[in-house]
Amino acid sequence: MNWALIGASNIAREFVIGAIRDNGGTVSWVMSSNAERARAYADANGIEKATTDLDALLADPAVDAVYISTTNELHRDQAIAAAKAGKHVLCEKPLALSLGDAHAMVAAGRAAGVVFATNHHLRNAGAHRAMRQAIKDGLIGRPLAARVFHAVYLPESLQGWRITNPSAGGGVVLDIAVHDADTLRFVLDDEPEAVAAITQGGGMASAGLADAVMTTVRFRSGLIAQTHDAFTAKFAGTGFEVHGTEGSLIARDVMTQRPIGEVVLRTAEGERSLDFDRTGLYVTALAAFHAAIAGEGRPAADGEDGIRSLAFGLAVLAAAETGRTVPVETGL
Ligand code: NDP
């Protein structure tokens, strides 16, 4: 599998290039808006070709798939162009800044017959898969509530467009809350129906962007959830809990990019830790993507999953702005 990177990003450098290579793939191109940065990034990461020209990269018949990790306002046009060129697309979240754009991207992938995936990494974590399975096995009875602790400290190296640029889709909601939505949907096998939210400007973000948010969610099953996302919490730690009629799942350090953390099942019989697979989250994502291209199964999170998490994020923003409970409308 031969890949081209659209975007000379931190996430590609830190996780995705390695995950492609761990799955036997090669990365042959990187595209940046800046020729010097493209060349430096290519050299630093063992990538042969560097360009600022999307069409040149997409015209290369040797490229099977593209990974789009530019800032969020650029995803739409790049994904549609890639799909039209017949390339499989792995796109970063949020897919786009509006639901209409996200639908157009997924439709372009479908029309071209390519695999289209959203890079929601957390559903690939062994911890979340173990929780999903425990719920399916009835170990906590009927799930009634969930709590997500995803308040972290944004490293200084990433304190750029995320905290200054609304038109690039900055702010904590489109950056982190969309991941909560996807993880909750995956673990609970349920769909969010409505949200209420309050955002905070805690001193890190500017230009009216929120750097923290607390959200309450009602799911289709009647389950209620609360989430706390932040760029500003230096010492909070992360976690994910599901509380059912017969037990609770209590996970710590699992809202992260690495396969770490622990999951405890607490019932009338006491407490026990659940074992889970510790394969890298992005490695699992890329394995599923390659398999989907080979006609085996679907990507870990597909375009529809990306539409659903974006719809959640947009509903959270609308709820915070209006002070009302807002339905999560996906258009699906
Ligand atoms: P980066 O800030 O590292 O990269 C985004 C863009 O910023 C790049 O495409 C690049 O533009 C530009 N850029 C990067 N470094 C520099 C620099 N030194 N000077 C000037 N411009 C620079 O973003 P992230 O990697 O954090 O995020 C990229 C995308 O991935 C976003 O959509 C984000 O939401 C998503 N993401 C997803 C994660 C996940 O786990 N699923 C985790 C982190 C991010 P150019 O390409 O033109 O050079």
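For ligands, and for the atoms within them, numbers begin at 1 and follow the listed sequence.
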Open item on the list: Taking R298 first and then D305, would you say they form a salt bridge - that is, a charged N and a carboxylate O separated by under 4.0 Å?
Closed with: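 Counted as a salt bridge, because a side-chain N and a carboxylate O are separated by less than 4.0 Å.
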Task: NZ/NE/NH1/NH2 to OD/OE distance under 4.0 Å, R220 and E191 - done: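 No, R220 and E191 are not salt-bridged.
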Task: Steps toward salt bridge (Lys or Arg N to Asp or Glu O under 4.0 Å) verdict (R252, E241) - done: CA-CA 8 Å; R252 287 291 179 267; E241 299 177 352; 2.7 Å; yes
Would you mind checking which non-hydrogen protein atom is closest to [atom], with the distance to 0.1 Å?
{"atom": "atom 8 (C) of ligand 1", "result": "A8 O, 3.8 Å"}
{"atom": "atom 20 (C) of ligand 1", "result": "R37 NH1, 3.0 Å"}
{"atom": "atom 48 (O) of ligand 1", "result": "S32 OG, 2.5 Å"}
{"atom": "atom 3 (O) of ligand 1", "result": "N10 N, 2.8 Å"}

Would you mind listing which atoms of ligand 1 come within a distance below 4.0 Å of any non-hydrogen atom of [X]?
{"X": "N72", "answer": "31 (C), 32 (O), 34 (O)"}
{"X": "N119", "answer": "41 (N)"}
{"X": "S69", "answer": "5 (C), 9 (O), 28 (C), 29 (C)"}
{"X": "Q257", "answer": "40 (O), 42 (C)"}
{"X": "S33", "answer": "45 (P), 47 (O), 48 (O)"}
{"X": "H121", "answer": "39 (C), 40 (O), 41 (N)"}
{"X": "D175", "answer": "34 (O)"}

Task: Over 12 foreign heavy atoms within 6.0 Å of CD, E321 - done: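 No.
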Under 3.5 Å between some N or O of ligand 1 and some N or O of [X]?
{"X": "A12", "answer": "no"}
{"X": "G7", "answer": "no"}
{"X": "T71", "answer": "no"}
{"X": "N34", "answer": "no"}

TODO: May I ask whether H179 has any heavy atom positioned less than 4.0 angstrom from an atom of ligand 1?
DONE: yes
Open item on the list: Would H75 count as a contact residue for ligand 1, given that I'm defining contact as a non-hydrogen atom of the residue lying under 4.0 Å from a ligand atom?
Closed with: yes
TODO: Return the minimal non-hydrogen interatomic distance between K87 and V63, and the atom names on each side.
DONE: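 Here K87 and V63 meet closest at NZ-O, 2.9 Å.
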TODO: Would you please indicate if the ring centroids of W29 and Y67 are separated by under 6.0 Å?
DONE: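 Distance test on ring centres: not under 6.0 Å, no.
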Task: Evaluation steps, salt bridge (Lys or Arg N to Asp or Glu O under 4.0 Å), between D253 and R258 - done: CA-CA 9 Å; D253 299 327; R258 299 185 190 278; over 6 Å; no
Under a 4.0 Å heavy-atom limit, does [X] contact ligand 1 with its side chain, its backbone, both, or neither?
{"X": "R162", "value": "side chain"}
{"X": "W161", "value": "side chain"}
{"X": "Y282", "value": "side chain"}
{"X": "I6", "value": "neither"}

- [ ] Using a 4.5 Å cut-off on heavy atoms from C-beta on, say whether the side chain of V115 contacts that of P299.
- [x]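 They are in side-chain contact.
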Open item on the list: Taking the cut-offs as 6.0 angstrom to the six-membered ring centre and 45 degrees off its axis, would you call R132 and F186 a cation-pi pair?
Closed with: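 Yes, cation above the ring, under 6.0 Å and within 45°.
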Open item on the list: Which residue in the set K93, R308, H179 passes side-chain hydrogen bond (donor to acceptor under 3.5 Å, both in side chains) when paired with H120?
Closed with: H179
Task: Non-neighbouring partners of K136 that pass salt bridge (Lys or Arg N to Asp or Glu O under 4.0 Å), sequence neighbours left out - done: D189
TODO: Take D182 and R123 through the salt bridge (Lys or Arg N to Asp or Glu O under 4.0 Å) test and state the conclusion after the steps.
DONE: CA-CA 7 Å; D182 189 68; R123 59 167 61 208; 2.8 Å; yes
